[in-house]
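Everything below concerns the one structure shown next.
In listed order, ligands and their atoms are each counted from 1. Everything numeric in this text was worked out from a predicted model, so none of it was measured.
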Amino acid sequence: MNKQNKIFIEACNGRKVPYTPLWIMRQAGRYLPEYRAIRKKYNFHEMMHTPDLMKEVTLQPIRRYDFDAAIMFSDILVIPESMGLNFQLIEKIGPVFKNPLNSNKKINSISYGDISYFKHIFDGIKKIRRELDNKKSLIGFTGAPWTIACYMVEGRPSKDYRHIRALIYNNPKAFHYLMEHLTESIIEYIRGQVNAGVDAVQIFDTNAGFLSREVFESFSFPYLKRIILAVNKLNVPSILFVKGGGNWLDLLKTSGANVLGLDWTINLNDAKKVVKNKISLQGNLDPSILLSSNNIIRKEVCKILKSYGNGYGHIFNLGHGITPDIPIEAVQTVVNTVREVSPNYK
Ligand code: 1CP
């Protein structure tokens, strides 16, 4: 079956589909008991870089929920690792770098990522694509240069990312040097993902909301556009998720992305008016709703479907990642409701 028959890809391109396809951000993660069982035996890096484990964890949510797309199990921080900056995942903190870029000298010593570092990831993609049903899509992904740079400079998750924000003002040359090296490395990494078999590429700019619109526009957006152009040249849909970018849709719609991922702070109907049906929209249920009763979840999922309304070009998703405390039944309620109710809007 060719790519055109995958419902997720059809929706990315705004074409006719029988129901609204869905997948869930961070669907391959710790809310799943089957993920936790594997995670007990292996560390995060072993899971990312062992093709069979990567395949297994990627397919777990598809087996359980029959989502329309699988997202490859990996992390945005493999890019810094390919540049020689390693991190460890520390319980209750998150990713922590041993040697963050906390001086101009360290930033200026950065060079392009080593593509051979991704070999096992590309092997994993090939294995997943062989086992995944042809009607389902495999989403590859990357972090945006800005979001990745935040972790490299700060060295760990931060409440405000103020050191890298200060760098933009104090040493824009060093900042651009880092962004340039990230952008080129990311483009090579995406090429490898697409060659290995991913059907679409999502770019996560999770930390964009820490910037003013003006700074985002000059210091992050140009790099995003270069990456999107590179994805588009590879003939797979590009999905841009800019967390906190709901108020910047007039700008984001010029990114060249086929799909804009939205967090829950914007109404889908308002967003649809801005993009005028030319760009598909992905989102945007608040993940915290999944901590409520099934009745409430059902009602809120219906509201999202109604807010997009009639027509194509909607991919159902959460407005951000699912958290480990969310009950597995809550996700089943989302899936059932989307499958049952969304055909009414087609
Ligand atoms: O088992 C564990 O303890 C690992 C937790 C975990 C998981 C499951 C991390 C560490 N990363 C991942 C996988 C992951 N990360 C995926 C895989 C596929 C899926 O979606 O199912 C994806 C797409 C990511 C992307 C990612 N990593 C982002 C962007 C998206 C987002 O959620 O905002 C970011 C910011 C990261 C960094 C990161 N890696 C891991 C954690 C806990 C974090 C966030 C740290 C923070 O709070 O800033």
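- Protein heavy atom in closest approach to atom 43 (C) of ligand 1: R26 NH2, 3.6 Å.
- Contacts of R39 with ligand 1, taken as heavy-atom pairs under 4.0 Å, involve the side chain alone.
- For the ligand labelled ligand 1, residue G94 lies outside the 4.0 Å heavy-atom shell.
- Every atom of ligand 1 with a heavy atom of Q27 under 4.0 Å away is listed here by number and element: 19 (C), 20 (O), 21 (O).
- Heavy atoms of K243 found under 4.0 angstrom from ligand 1: none, in either backbone or side chain.
- Only side-chain heavy atoms of L89 come within less than 4.0 Å of ligand 1; its backbone N, CA, C and O stay farther off.
- Applying the 4.0 Å criterion to heavy atoms of T206 picks out, from ligand 1, the atoms 29 (C), 30 (C), 31 (C), 33 (O).
- Shortest non-hydrogen contact noted between I148 and I76 is CD1-O, 3.6 Å.
- The ligand atoms of ligand 1 that sit less than 4.0 angstrom from a heavy atom of I71 are 18 (C), 19 (C), 20 (O), 21 (O), 23 (C).
- By the 6.0 Å contact criterion, NE2 on H120 is open, its count of non-hydrogen atoms from other residues, nucleotides or ligands being 12 or less.
- Heavy-atom proximity to A28, at under 4.0 Å, picks out these atoms of ligand 1: 8 (C), 19 (C), 21 (O).
- Polar contact check, W23 against ligand 1: no nitrogen or oxygen pair lies under 3.5 Å apart.
- Within 6.0 Å of atom CZ in R162, 12 or fewer heavy atoms from other residues, nucleotides or ligands are found, so the atom counts as exposed in its surroundings.
- Listed by number with element, the atoms of ligand 1 under 4.0 angstrom from any heavy atom of F204 are 23 (C), 29 (C), 30 (C).
- Close approach of ligand 1 to Y35 is summarised as follows: ligand atoms under 4.0 Å from at least one heavy atom of the residue are 1 (O), 2 (C), 4 (C), 8 (C).
- When the heavy-atom distances from atom 9 (C) of ligand 1 to F241, F44, Y31 are ranked, the shortest goes to F44.
- Between atom 36 (C) of ligand 1 and the options I76, T323, D205, the minimum heavy-atom separation is to I76.
- A salt bridge links K119 with D123: at least one charged nitrogen is closer than 4.0 Å to a carboxylate oxygen.
- Taking the charged nitrogens against the carboxylate oxygens, D68 and K6 have no contact shorter than 4.0 Å, which rules out a salt bridge.
- A cation-pi arrangement is found for K272 relative to Y308, the charged atom lying closer than 6.0 Å to the ring centre and inside a 45° cone about the ring normal.
- Under 4.0 Å from ligand 1, the heavy atoms of S74 that appear belong solely to its backbone.
- Hydrophobic cluster membership is shared by Y42 and F73, with clusters built from Ile, Leu, Val, Met, Phe, Trp and Tyr side chains linked at under 4.5 angstrom.
- The one candidate from F316, F241, F8 that meets the side-chain contact (heavy atoms from CB on, under 4.5 Å) condition with Q282 is F8.
- Ranking the protein heavy atoms by distance from atom 46 (C) of ligand 1 puts Y151 OH, 3.2 Å first.
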*Verdict with reasoning, E56 to K127, per salt bridge (charged side-chain N to carboxylate O under 4.0 Å, His left out)*: CA-CA 10 Å; E56 178 57 27; K127 280 187 182 245; over 6 Å; no
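- For atom 22 (C) of ligand 1, the nearest protein heavy atom (residue, atom name, distance) is F141 CZ, 3.6 Å.
- In this structure, the protein non-hydrogen atom closest to atom 27 (N) of ligand 1 is D75 OD1, 2.9 Å.
- Note: H45 and H49 have parallel aromatic rings, judged against thresholds of 30 and 60 degrees for the angle between ring planes.
- Taking the six-membered ring where the residue is Trp, the centroids of Y151 and F97 are separated by 6.0 Å or more.
- Ion pairing between a basic and an acidic side chain is recognised when a charged N comes within 4.0 Å of a carboxylate O; E154 and R165 show no such pairing.
- Residue-level proximity to ligand 1 for H320 is carried by the side chain, the only part with a heavy atom below 4.0 angstrom.
- Counting the atoms of ligand 1 from 1 in the order shown, those under 4.0 Å from a heavy atom of M72 are 17 (C), 18 (C).
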